[in-house]
Engineer: 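Before I ask anything, let me first share the structure, which is written out below as structure tokens.
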Number of protein chains: 2
Amino acid sequence: MARMSTRPAQRVTIAHVAQEAGVSRATVSRVMNGLATVDPEIGKRVREAAAKLNYSPSTVARSLAIGRTQTVAIVVPDLANPMFQETLRGLSRAAAREGYRVLVADSIENPDEEVILAREARRRCDALVLVSPRMDVAHLGELLPELAPVVLVNRESPVPGVPSLAVDYGAGIRSILGELARLGHNRIAYLAGPETSHGNQRRLDALHSLPASAPEVIEIPCGAMFEDGYRAREAVLGSGATAAVCFNDLVALGLLGALHEAGIAVPERLSVTGFDDIPFARFASPALTTVSVPQTELGEQAWARLWDLLNGREPEDDVVVTPRLEARASSGTAAAAATSVA
Amino acid sequence: MARMSTRPAQRVTIAHVAQEAGVSRATVSRVMNGLATVDPEIGKRVREAAAKLNYSPSTVARSLAIGRTQTVAIVVPDLANPMFQETLRGLSRAAAREGYRVLVADSIENPDEEVILAREARRRCDALVLVSPRMDVAHLGELLPELAPVVLVNRESPVPGVPSLAVDYGAGIRSILGELARLGHNRIAYLAGPETSHGNQRRLDALHSLPASAPEVIEIPCGAMFEDGYRAREAVLGSGATAAVCFNDLVALGLLGALHEAGIAVPERLSVTGFDDIPFARFASPALTTVSVPQTELGEQAWARLWDLLNGREPEDDVVVTPRLEARASSGTAAAAATSVA
DNA sequence: GGCCTAGAAGAAACCGATTTCTATCCCTAG
DNA sequence: CTAGGGATAGAAATCGGTTTCTTCTAGGCC
């Protein structure tokens, strides 16, 4: 049987080591944790016994005894999204420096599942990071206290004492629109994100409260993924807009791909902008004009807040990140684009 | 104190619920797990007590008692790499269907750290997935038995009984070279990946064992990331090659970006190919010619193997995926490109 | 009506660590 | 010479569940 060769030996516990070394379990524990003063001779004997038996302590038993798992969970709406991957990475690397590990839970854009997942994930871990929760504010307000310690990313906290690292989506949208206005665009298409997305709501709020002098904005329902942007080409072209402001970079890149296939010059006939500044944005051709959200850093900041909370310290103040405009080649002056209007 | 509002109430244990319902802890456990036959009246009382106290069982204690954590770990060399993100996603979603969660560990391309991480991660979880381990084959062979149940992704297993999901990198490279040869290229640059990457070794092996009729290959040290490809432009142009075969899609896209900035036409003056077919490849402009590795599916397959192992079943046979050529717009016929040679 | 059995719930052991409490030993100081 | 004190290591309680074993009750059958 091939499997036999890989079957691990019967688990070695602290009791086995204690017996082998001829000491009590307490002493083994002390030696393994380098605690108290233990006779060097005994310490040596214990370590040798542990090595001989290839002992490795049970993390689960240890967690139960000390009341900590040294693990935090992160709940994201969609693991396929580069933004959430960045947050995960930032969190994971920052937490690792403190010896903590990260458990991931992917709600697959399902707000109900999200609530269940968050509860369940929290029970397994010492703390929780909720990224862009899709649940409505009522659920969120109800849930947060029982999830504490918890940190919100990409959304404001409705509960005092729950730190949040938010992004000023409105400012981001306004800086993009400002840039496009400067370039002479006065008819702009907005490719909207998922309706459940809090970030999309904020972008829409910003669009709806623009001064009268701002460019006209046509809203086109779209989505959050490549494919959504790719499929939106005709809707955008049909709108007569000279620029397309996309919900995020993925949508923008999808649209760019579709435009390229149709031989439509960017930015000559249509300017395209994204949101987030994912790593690919800079390397797209044409390089994508977008606003940068330092998502990796938000992941690291989330860890810093959690670490404060876990140590009973008052966490640092909430942060509202203002995205920075990254004007690149995919946006240009609104020129003869009007010819595409009927 | 703002923090007070978020401090969770003293943990509610099964003993509290038992007392509240006036039954034993054993009965509460039976009710919570829907086991055995419990008097409906008592069941109701227990459930009410649990609800009233807002009881949620300790996963840690439960794990210790039943000897399972319902968690698996995945160790990747670099969380920033879309390929590994895909594997993670496939694994996470497949495991979730069985009620399992995933712990991530990022070795940041450090083979020593990788060994430590793998051991540590395994202790916390029921099983382990090692993705593209960078450690040498001796370490790997030594480590795998003690990590079992474990599954390898992107690398063959040197230990019988440890399932592996490998990619036939050689076949991938050969199909790319075949396509380029067909297009008339006879001087090709290979932008090599990290030296510790097993996948890179395999690609090199394939390149070194080509028939004499194959195109000439110039090897250029590069890397695995965007930036590496971006920086490689001059080396590629200086080599006089008419096509650049890149270690992976990231490198290819970085190179494409650099070429675009320099106004060098792709594929007219230089054909560029990638490896992996990450989601962005199709949407790049020009769309990237590459070979597809179904990494999400490998993640799902990894879960299937682990699930078999966890249930004492013989896992399905190892898989060696042959990447499929995706000929797109970034490769074309080798034409007047020879003019770039001195 | 009495005996046997099945079923339901409690008591207690267990999972594998940590940690408090206690007992012992040895050394020093009065 | 003995009481006090500090250092070590063992015994036992604890963490919060699960599960085996035991007890008790009630129902069925002769």
Side-chain angles (χ1 to χ4, degrees), chain A residues 8-50 53-71 99 119-120 122-126, chain B residues 8-50 53-71 99 119-120 122-126:
Chain A
Q10 169 76 27
R11 178 152 193 82
V12 177
T13 77
I14 198 171
H16 298 138
V17 178
Q19 181 167 31
E20 173 76 21
V23 300
S24 73
R25 280 151 50 218
T27 300
V28 176
S29 172
R30 287 193 265 259
V31 173
M32 300 306 288
N33 293 300
L35 288 183
T37 42
V38 177
D39 186 301
E41 168 61 27
I42 293 191
K44 183 160 158 289
R45 225 162 67 213
V46 169
R47 264 183 293 275
E48 283 173 359
L53 299 178
N54 197 17
Y55 168 67
S56 91
S58 153
T59 321
V60 175
R62 177 164 215 277
S63 294
L64 178 60
I66 67 177
R68 278 178 295 124
T69 62
Q70 309 242 101
T71 304
R119 277 216 181 83
E120 203 247 38
R122 176 60 184 81
R123 280 203 323 236
R124 299 184 186 229
C125 302
D126 298 343
Chain B
Q10 169 77 27
R11 181 154 190 82
V12 177
T13 76
I14 198 171
H16 299 138
V17 178
Q19 181 167 32
E20 173 77 21
V23 300
S24 71
R25 278 152 50 218
T27 299
V28 176
S29 172
R30 286 193 265 259
V31 172
M32 299 306 288
N33 293 299
L35 290 182
T37 41
V38 178
D39 186 301
E41 167 60 27
I42 293 192
K44 182 161 159 289
R45 226 163 66 213
V46 169
R47 265 182 292 275
E48 284 173 359
L53 300 178
N54 196 17
Y55 169 67
S56 91
S58 152
T59 321
V60 175
R62 176 162 216 277
S63 294
L64 179 60
I66 67 178
R68 278 179 296 125
T69 62
Q70 309 241 99
T71 304
R119 277 215 182 82
E120 203 247 39
R122 176 60 183 80
R123 280 203 325 237
R124 298 185 187 227
C125 301
D126 299 342

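Side chains included, hydrogens not; waters and symmetry mates left out as well; all remaining heavy atoms used.
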Engineer: Applying salt bridge (Lys or Arg N to Asp or Glu O under 4.0 Å), name anything that partners B/Glu20, two or more places apart in sequence or on another chain.
Structural biologist: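 B/Glu20 satisfies salt bridge (Lys or Arg N to Asp or Glu O under 4.0 Å) with B/Lys52 once adjacent residues are dropped.
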
Engineer: Of A/Val28 and B/Arg45, whose closest DNA chain C nucleotide lies nearer the 5' terminus?
Structural biologist: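 The residue mapped nearer the 5' terminus is B/Arg45.
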
Engineer: Expressed in angstrom and rounded to an integer, what is the separation of A/Asp39 atom CG from D/dA7 atom C1'?
Structural biologist: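 It is 11 Å, rounded to the nearest whole Å.
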
Engineer: What is the distance, rounded to the nearest whole Å, between atom CZ of A/Arg62 and atom P of C/dC15?
Structural biologist: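 To the nearest whole Å, that distance equals 20 Å.
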
Engineer: Tell me: CD of A/Gln70 to P of C/dA17, nearest whole Å?
Structural biologist: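 That distance rounds to 16 Å.
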
Engineer: With A/Arg124, which residues qualify under salt bridge (Lys or Arg N to Asp or Glu O under 4.0 Å), at least two apart?
Structural biologist: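 Partners of A/Arg124 under the salt bridge (Lys or Arg N to Asp or Glu O under 4.0 Å) test: A/Glu120.
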
Engineer: Can a side chain N or O of B/Thr27 be found less than 4.0 Å away from OP1 or OP2 on C/dA9?
Structural biologist: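 Result: no.
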
Engineer: Considering only heavy atoms from C-beta outward, does the side chain of A/Ser56 approach that of A/Met32 to under 4.5 Å?
Structural biologist: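 Answer no - side chains too far apart.
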
Engineer: Pick base, sugar-phosphate or nothing for B/Val23, based on heavy-atom distances below 4.0 Å to the nucleic acid.
Structural biologist: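 Sugar-phosphate, backbone atoms only, no base.
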
Engineer: Round to a whole Å and report the spacing from NZ of A/Lys44 to C1' of D/dT8.
Structural biologist: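 One finds 19 Å between C1' of D/dT8 and NZ of A/Lys44, rounded.
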
Engineer: Strictly under 3.5 Å: I want the nitrogen or oxygen pairs between protein and nucleotides 11-15 of chain D, one per line.
Structural biologist:
none

Engineer: Should B/Arg119 and B/Arg123 count as side-chain neighbours, where that means a heavy-atom distance under 4.5 Å?
Structural biologist: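 Side chain of B/Arg119 against side chain of B/Arg123, heavy atoms only: no contact under 4.5 Å found.
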
Engineer: Rounded to the nearest Å, what distance is computed from the CG atom of residue A/Asn33 to the P atom of nucleotide C/dG16?
Structural biologist: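 Going from CG in A/Asn33 over to P in C/dG16 covers 17 Å.
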
Engineer: Is there a side-chain contact between A/Ser29 and the phosphate of C/dA17, meaning an N or O under 4.0 Å from OP1 or OP2?
Structural biologist: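 For C/dA17, neither OP1 nor OP2 has a side-chain N or O of A/Ser29 closer than 4.0 Å.
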
Engineer: Tell me: CD of A/Glu41 to C1' of D/dT8, nearest whole Å?
Structural biologist: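 Taking CD of A/Glu41 and C1' of D/dT8, I get 14 Å after rounding.
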
Engineer: A/Leu53 CG to C/dG16 P: how many Å, rounded?
Structural biologist: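 From A/Leu53 CG to C/dG16 P: 14 Å.
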
Engineer: Rounded to the nearest Å, what distance is computed from the CD atom of residue B/Gln19 to the C1' atom of nucleotide C/dA9?
Structural biologist: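 Checked: the CD to C1' distance equals 17 Å.
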
Engineer: First locate atom CZ of B/Arg30, then atom OG1 of B/Thr27, and finally report the distance between them rounded to the nearest 0.5 Å.
Structural biologist: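 Answer rounded to 0.5 Å: 5.0 Å.
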
Engineer: Where do B/Val12 and B/Asn54 land on the side-chain contact (heavy atoms from CB on, under 4.5 Å) test, with the steps shown first?
Structural biologist: CA-CA 8 Å; B/Val12 177; B/Asn54 196 17; 5.9 Å; no

Engineer: Using a 6.0 Å cut-off, check whether atom CD of A/Gln70 has over 12 heavy atoms from anything other than its own residue.
Structural biologist: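 Yes.
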
